[in-house]
Novice: 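First the structure, then my questions, so here it is.
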Number of protein chains: 2
Amino acid sequence: MNSQQLIDNTVKKITCLQVPHQQSLDSVVQRQSQLTKPKNSLGKLEGLAEFIAGVAAVPNPTLHRKTIVVAAADHGVTEEGVSAYPQEVTKQMVKNFLQGGAAINVLADNFKIEVIVIDAGINISTPIDGPLIQANLGRGTNNIALGPAMSYAKATDAIARGITIFLESHMDSPTNIIGLGEMGIGNTTSAAALISAIGRRKPSAVVGWGTGINPSQFKQKVAVIEQALEVNKDAINAAHLIDSPGKAISFLAALGGFEIGVLTGIALGAAANRVPIVIDGVISATAVLLANLVTPELKKFTIPSHLSPEPGHKIVLDLLGSGDPMLDLQMRLGEGSGAAIAINLCDIACRLLNDMATFAEADVSTIKPVAKIEEHK
Amino acid sequence: MNSQQLIDNTVKKITCLQVPHQQSLDSVVQRQSQLTKPKNSLGKLEGLAEFIAGVAAVPNPTLHRKTIVVAAADHGVTEEGVSAYPQEVTKQMVKNFLQGGAAINVLADNFKIEVIVIDAGINISTPIDGPLIQANLGRGTNNIALGPAMSYAKATDAIARGITIFLESHMDSPTNIIGLGEMGIGNTTSAAALISAIGRRKPSAVVGWGTGINPSQFKQKVAVIEQALEVNKDAINAAHLIDSPGKAISFLAALGGFEIGVLTGIALGAAANRVPIVIDGVISATAVLLANLVTPELKKFTIPSHLSPEPGHKIVLDLLGSGDPMLDLQMRLGEGSGAAIAINLCDIACRLLNDMATFAEADVSTIKPVAKIEEHK
């Protein structure tokens with residue numbers, strides 16, 4: 001099966017699923033009402049348990065295996081001076097992930113989440129040693145300020161590779177939830193360009209401070225994205241007119257990046273297998289936006305985790321129509337760090353559903369009849 | 001030492017502490033800047049680690065022991081029909097806590113938090129069996145719609161008992177963080193009355209839906225609180241004019257409840273021992289408001305966890321000036337459930353501080369000099 005066929009087949013699988021799965025959802029709502037707590041008093045945690053049951057189509061969801069994928073790649077646009085860090089930090093941070101020294105490692109260790117690191121296209125001449133998935137699509141994308149990030153065929157491959165990676169990992173040992181993380185110096189520029197192009201927003205409204213640039217770098221970053229949109233405008237205009245999945249592939253080809261394309265594929269693969277998808281920051285949200293262009297059913301499988309201070313993050317979640325994120329911790333790290341915290345909340349939501357006692361089990365009185373209250377008046 | 005002396009001594013201890021402890025705080029800020037992440041990119045988690053270090057006066061805080069106290073008591077005002085549940089649910093839920101079936105048990109088990117349950121004044125004729133602290137101050141408070149909740153001496157004892165319980169538990173095995181939880185049918189009425197009285201707000205602006213009352217019960221609840229404020233107005237007016245700690249004791253005596261007073265004491269005991277205090281919902285926040293009336297230094301030791309939909313919760317946090325809570329999960333359960341989730345975030349904040357690699361350890365390049373960026377322009 002070639003890349004295009006794999007994407008088409010995955011979309012077909014997703015569109016055939018009924019989400020939420022009503023019977024499972026009803027079962028959760030029913031059980032929540034019997035647990036020893038006032039109705040709805042666990043707030044969004046109850047909603048999370050319902051959501052997961054509805055996606056997974058199980059009445060008593062348990063997150064046996066929790067996974068975060070961290071896709072890493074480089075961006076040619078870094079030569080325009082859009083990031084506070086040099087490009088080699090992508091490779092260095094991937095090594096840090098493999099050695100367990102990064103924030104996502106500490107979070108994942110504590111929350112018992114497995115981290116899968118993917119080289120989606122880091123600028124290296126020899127593969128990085130260690131337990132990571134080798135899926136290098138090139139030594140970073142081309143500089144989007146000068147032309148397209150990659151060819152249409154390469155963009156198709158990036159998404160297909162994401163699907164394949166998900167399927168192989170899931171076949172190996174099924175995961176019950178997946179978070180989308182990334183690492184790539186320059187990728188907030190690529191994400192902001194995609195959000196501007198897809199959502200027809202001015203780059204100045206979308207661009208944020210990334211890893212911590214200064215005001216003159218900020219102006220430079222806006223100018224670079226404006227240039228990228230101008231240079232690629234024919235491709236972008238054409239993309240707006242074509243149908244999915246060509247639309248998403250065309251945007252990805254124009255503005256990158258490899259890790260975004262791979263995450264788009266991971267999201268599609270997860271949805272096709274009824275695995276809830278936890279969005280992290282602005283870059284993973286952009287990947288999900290592309291996946292939702294591939295098939296508009298996709299957003300039904302996604303949970304926004306946190307809101308970062310990058311202005312594009314709120315815009316992309318609004319474009320996606322995914323609802324409000326559950327956390328506002330002012331995090332802007334990426335790596336799946338916000339998703340990790342949200343997955344932990346999903347886990348606890350399922351445990352509350354499964355492990356709390358019912359009124360009957362604990363011999364606790366339920367709500368008293370209104371008549372009894374009236375007596376007191 | 002009598003109750004009054006214990007409170008006075010505890011206040012003296014608190015006022016002698018330098019919070020935040022500048023050297024510890026500086027040390028954390030310094031280390032955070034060396035960890036492999038852009039500066040401040042962990043957002044509020046970095047602030048949490050700094051806060052805990054500043055309260056505990058240690059440069060590398062580790063939460064070895066995490067504790068939530070759940071103080072339970074009954075409220076005579078339930079005879080006015082202010083709650084959706086009958087009074088005996090207080091006792092039944094305490095038994096549920098002891099059997100491990102409540103939400104707080106599931107949360108605490110998963111987050112490795114120890115739960116200490118206190119009978120502060122449940123309406124029972126024989127003590128509840130099991131691993132709970134017997135500190136029963138009476139078979140529920142008096143009905144505040146008809147007179148004071150308790151005597152001044154009893155209110156003094158309630159606070160002193162909280163201090164003693166904290167000290168004994170802390171001496172037994174020092175805790176590194178404490179969350180304040182509660183259980184008591186009718187206690188949102190007591191808390192709303194206290195907030196109205198202390199903050200001089202209209203009850204209709206403070207009252208919420210509690211455990212899930214209907215609109216006619218809501219009107220009834222507002223009317224009952226208005227009546228309680230009217231009946232106790234001389235005591236309330238007098239309380240506004242006197243100095244701490246008499247001020248807090250007088251408010252507590254007028255409007256209750258026993259569990260609120262015990263939590264006030266727990267907070268004072270914790271502060272005197274440099275233990276960060278995590279506020280849960282509107283009732284525990286009210287206890288902290290009272291503790292902050294006892295000594296205005298108290299709030300420097302507190303962390304607001306979540307915001308519940310009870311309108312009084314935001315008002316009491318504003319009165320306290322404690323800043324925004326880190327979570328908005330629309331939870332309104334009490335039991336320390338929101339505090340448990342926040343304590344887990346505090347734990348992870350400390351682990352990130354201690355366990356992440358530095359740039360030097362991981363051989364990751366730090367921010368590149370601006371000169372190098374300028375070259376690219």
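These figures come from a predicted structure and were not determined experimentally. Computed from heavy atoms alone, side chains included, the values below leave out hydrogens, waters and symmetry copies. Just so it is clear: chains get the letters A, B, ... in the order the sequence lines come, proteins before strands, and each one is counted from 1.
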Novice: Counting only heavy atoms not in B:Asp109, do more than 12 sit closer than 6.0 Å to its CG atom?
Specialist: yes
Novice: Return yes if some donor-acceptor pair links the side-chain N/O of B:Asn176 with the main-chain N/O of B:Lys66 below 3.5 Å, else return no.
Specialist: no
Novice: I need the B:Leu353 CG to B:Arg31 CZ distance, nearest 0.5 Å.
Specialist: 6.0 Å
Novice: What residue, out of A:Thr358, A:Val224, A:Asp363, A:Asn96, has the most heavy-atom pairs lying under 4.5 Å from chain B?
Specialist: A:Asn96
Novice: If I measure from the heavy atoms of chain B, does A:Leu327 come under 4.5 Å with its side chain, its backbone, both, or neither?
Specialist: side chain
Novice: Side-chain donor-acceptor pair under 3.5 Å between B:Ser337 and A:Lys37, yes or no?
Specialist: no
Novice: Please classify the contact between A:Phe359 and chain B as side chain, backbone, both or neither, with a heavy-atom cut-off of under 4.5 Å.
Specialist: side chain
Novice: Taking every heavy-atom pair that is under 4.5 Å apart, which of A:Gly47, A:Ala362, A:Ala223, A:Pro38 has the most such pairs with chain B?
Specialist: A:Pro38
Novice: Can you see which heavy atom on B:Pro309 is nearest to which on B:Arg332, and at what distance?
Specialist: CD-CB, 3.7 Å
Novice: Quick one: CG on A:Asp280 to CE on A:Met331, what's the gap to the nearest 0.5 Å?
Specialist: 7.0 Å
Novice: Test of understanding: with side-chain hydrogen bond (donor to acceptor under 3.5 Å, both in side chains), list the residues that count as partners of A:Gln92, not counting sequence neighbours.
Specialist: B:Ser365
Novice: Against chain B, label A:Asp355 side chain, backbone, both or neither, depending on which of its atoms sit under 4.5 Å from a heavy atom there.
Specialist: both
Novice: With only heavy atoms counted, which part of A:Leu48 is less than 4.5 Å from chain B, the side chain, the backbone, both or neither?
Specialist: neither
Novice: Does any heavy atom of chain A fall under 4.5 Å from the side chain of B:Leu35, the backbone, both, or neither of them?
Specialist: neither
Novice: Taking A:His75's backbone N and O only, do any of them form a donor-acceptor pair with A:Gln87's side chain (distance below 3.5 Å, no angle check)?
Specialist: yes
Novice: Counting heavy-atom pairs under 4.5 Å with chain A, which one of B:Ala357, B:Gly101, B:Gly43, B:Ser41 comes out on top?
Specialist: B:Ser41
Novice: Of all of B:Lys91, B:Met93, B:Met326, which one pairs up most often with chain A through heavy atoms under 4.5 Å apart?
Specialist: B:Met93
Novice: Tell me, for A:Lys39 versus chain B, whether the close heavy atoms (under 4.5 Å) come from the side chain, the backbone, both or neither.
Specialist: backbone
Novice: If I measure from the heavy atoms of chain A, does B:Asp347 come under 4.5 Å with its side chain, its backbone, both, or neither?
Specialist: neither
Novice: Given that the side chain runs from C-beta out, which part of A:Leu345 has a heavy atom under 4.5 Å from chain B: side chain, backbone, both or neither?
Specialist: side chain
